[in-house]
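Report on the structure given below.
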Amino acid sequence: MTLVVGVDSSTQSCKVVVVDAATGLLVRSGRAAHPEGTEVDPEAWWVALQEAITAAGGLDDVAAISVGGQQHGMVVLDAAGEVIRPALLWNDTRSADAARQLADEFPDIVERTGSRPVASFTATKLRWLRDAEPGNAARVAAVALPHDWLTWRLRGYGPGRPDLAELTTDRSDASGTSYWNPHTGDYDREILIAALGHDAILPRVLGPGDSPGLTEGGIPLGAGAGDNAAAALGLGAREGDVVVSIGTSGTVFAVTGSPAGSTSVAGFADASGVFLPLVATLNAARVLDSIAGLLAVDHTELGTLALSAQPGSGGLVLQPWFEGERTPDRPDATATLFGMTLAATTRADLARASIEGLLCGLAAGLAAVRDVGVIAQRILLIGGAAQNPAVSAIAAQVFDVPVAVPEPGEYVARGAAVQAAWVLTGERPEWVVPLAAEPQSDHRPEILAQYSARL
């Protein structure tokens, strides 16, 4: 059996999976925690990677490895290869004003980079650094993303061997910087210089199936990928599939053959050679946490209550913008409960309204990616909440295409493992993704209609 390794260096932890290169079946795995916070010393990721690899049984019998990771994080290096300051993560919002500045300075930035800059994106963090920490900004010799830096370190580079020209990335992660053009495959140096205040070394962008080289131990490396693109690979998503992920935040993304972005849709590239338009919502699984807590039930009981109510929740509509919202762009919004009547204000209707409100918010994301040309033929519903039978059943009523729920799994790490196997064979592997559920389609357009009427 030939074994390959996939890594998911996420915000909260590092996960490592060791799988059979021929089938994708999991052989063993390991995990290690990352520090909390929105800025982190990248050395903590390196330590966690080593711990997770050890927990997964090491690399002695492994034929290839690849690293997927959280997108957008700003890792700035000086000429000696030293990290200048803690990395600003995707969820650090101190660069919100910088995002607005760059959007104003470059009115054509969506055409040039595929996306409207938001505080998550790397260019906005570089502008913040230029303005808030000019001394640190002046020292920047190279800018990398989390998976770029880890791949570089695995190859033996870093302080003491600071060959910055050996930094590499992939199309998916490059497309989340706001200074790379997914149409041309080139960096937009004008935007980079405007953000940072001067030019810098940027990672070489690798194509699907490319390898940046070998680890210090002589193991071939895959290109790596941003987390959503790696998840799409791990799920085996193809054109026609739309992935709807219900985590702390919600994401809706699809594989498509041509670039697709707008002011509301991030026009990312994917890790297979095509494109991955994506919409993010701020309010997802925590909506269910909130209402379950209010009703003093666990998530299983919340689902049971919800399924005992009729579609449409008796007219009760929860607009679940508990933390503002990104899609639509309502950063100062709060959650609102509409349609309260004596008949509808029941525990069951409120439970169902919470699930319908969550899913209707994600349906707005589906509408946005359709508006840029995505053809949806199947919804792949993932994330912890997707395993709740009530969530999947109601999803089959909210969405107007069939819904499939894959078995729970580390799909970002699995996608990185796909890249590792790809490097070995020269071809993208075709691994079967087992499904946990395929709820019967039962489209009820009135659910989304009454939700949309409250926008």
Side-chain angles (χ1 to χ4, degrees), residues 38-39 71-78 84-85 87-146 148 167 169 171-203 205 226 259-269 275-280 282 324-332 368 371-372:
T38 63
E39 64 172 37
Q71 284 190 267
H72 312 305
M74 179 192 76
V75 181
V76 285
L77 305 173
D78 66 14
I84 294 170
R85 69 167 328 279
L88 294 185
L89 307 189
W90 65 273
N91 56 351
D92 192 294
T93 59
R94 71 187 76 180
S95 58
D97 285 342
R100 287 187 283 269
Q101 292 167 15
L102 288 171
D104 288 343
E105 291 168 24
F106 296 96
D108 59 347
I109 198 165
V110 172
E111 289 74 25
R112 292 169 68 163
T113 68
S115 307
R116 177 177 64 88
V118 294
S120 300
F121 290 5
T122 321
T124 73
K125 301 177 189 305
L126 293 174
R127 169 59 65 86
W128 175 88
L129 185 71
R130 187 200 75 174
D131 294 344
E133 299 178 359
N136 282 336
R139 292 176 56 203
V140 174
V143 182
L145 301 166
D148 310 345
L167 285 164
T169 191
R171 299 169 67 253
S172 68
D173 235 1
S175 63
T177 60
S178 274
Y179 48 76
W180 185 79
N181 188 324
H183 301 267
T184 66
D186 297 322
Y187 284 115
D188 193 318
R189 295 280 176 177
E190 183 184 7
I191 296 175
L192 172 70
I193 292 167
L196 179 59
H198 61 86
D199 207 351
I201 294 170
L202 297 175
V205 181
S262 69
T263 56
S264 58
V265 176
F268 294 153
F275 300 91
L276 198 79
L278 179 146
V279 170
L282 292 180
E325 189 45 82
R326 181 167 161 184
T327 306
D329 189 14
R330 307 279 176 81
D332 300 319
D371 284 345
V372 296

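All values derive from a computational prediction rather than experimental measurement.
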Would you mind reporting whether [Y] and [X] have side-chain heavy atoms less than 4.5 Å apart?
X      : Y      : result
Glu105 : Ile191 : no
Leu167 : Leu77  : yes
Val140 : Leu129 : yes

From [X] [atom1] over to [Y] [atom2], what is the distance, rounded to the nearest 0.5 angstrom?
X      : Y      : atom1 : atom2 : result
Asp188 : Thr113 : CG    : OG1   : 8.0 Å
Asp78  : Ile84  : CG    : CD1   : 5.0 Å
Gln71  : Ser175 : CD    : OG    : 6.0 Å
Asp131 : Asp97  : CG    : CG    : 10.0 Å

Determine whether a donor-acceptor pair (N or O, by modelled atom type, separation under 3.5 Å) exists between the side chain of [X] and the backbone of [Y].
X      : Y      : value
Arg100 : Pro117 : no
Ser262 : Val265 : yes
Tyr187 : Pro203 : yes
Arg127 : Ala194 : yes
Thr93  : Ala119 : no
Ser115 : Gly267 : yes

- Query: On the ring face of Phe275, is Arg171 found with NZ or CZ under 6.0 Å from the centre and within 45° of the axis?
  - Reply: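 The answer is yes, since Arg171 meets both limits relative to Phe275.
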
- Applying salt bridge (Lys or Arg N to Asp or Glu O under 4.0 Å), name anything that partners Asp332, two or more places apart in sequence or on another chain.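 Expected list: none.
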
What's the shortest heavy-atom distance between [X] and [Y], and which atoms?
X      : Y      : result
Asp173 : Leu145 : O-CD1, 3.3 Å
Trp90  : Lys125 : O-NZ, 4.0 Å
His183 : Asn181 : N-OD1, 2.7 Å
Ala87  : Val75  : CB-CG2, 4.1 Å
Thr124 : Val118 : CG2-O, 3.2 Å
Gly185 : Trp180 : O-NE1, 3.2 Å

- Task: Check side-chain hydrogen bond (donor to acceptor under 3.5 Å, both in side chains) between Trp128 and all other residues, then give those that pass, not counting sequence neighbours.
- Result: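 Residues passing side-chain hydrogen bond (donor to acceptor under 3.5 Å, both in side chains) with Trp128: none at all.
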
- Item | Test side-chain hydrogen bond (donor to acceptor under 3.5 Å, both in side chains) applied to Arg85 - qualifying residues, sequence neighbours left out |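 Here the qualifying residues are Glu39, Glu133.
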
- Message: What verdict does the side-chain contact (heavy atoms from CB on, under 4.5 Å) test give for Leu196 and Val76, after you've listed the backbone C-alpha separation in whole Å, the side-chain angles of each residue and the deciding distance to 0.1 Å?
- Response: CA-CA 11 Å; Leu196 179 59; Val76 285; 5.8 Å; no

- Does one side chain, of Thr38 or Asn91, offer a donor that lies under 3.5 Å from an acceptor on the other?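 Result is no, nothing qualifies.
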
- Matching residue for Tyr179 among Val143, Leu102, Ile193, Ile109 - test: side chain to side chain contact (heavy atoms under 4.5 Å, CB included):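 Of the listed options, the one satisfying the test is Val143.
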
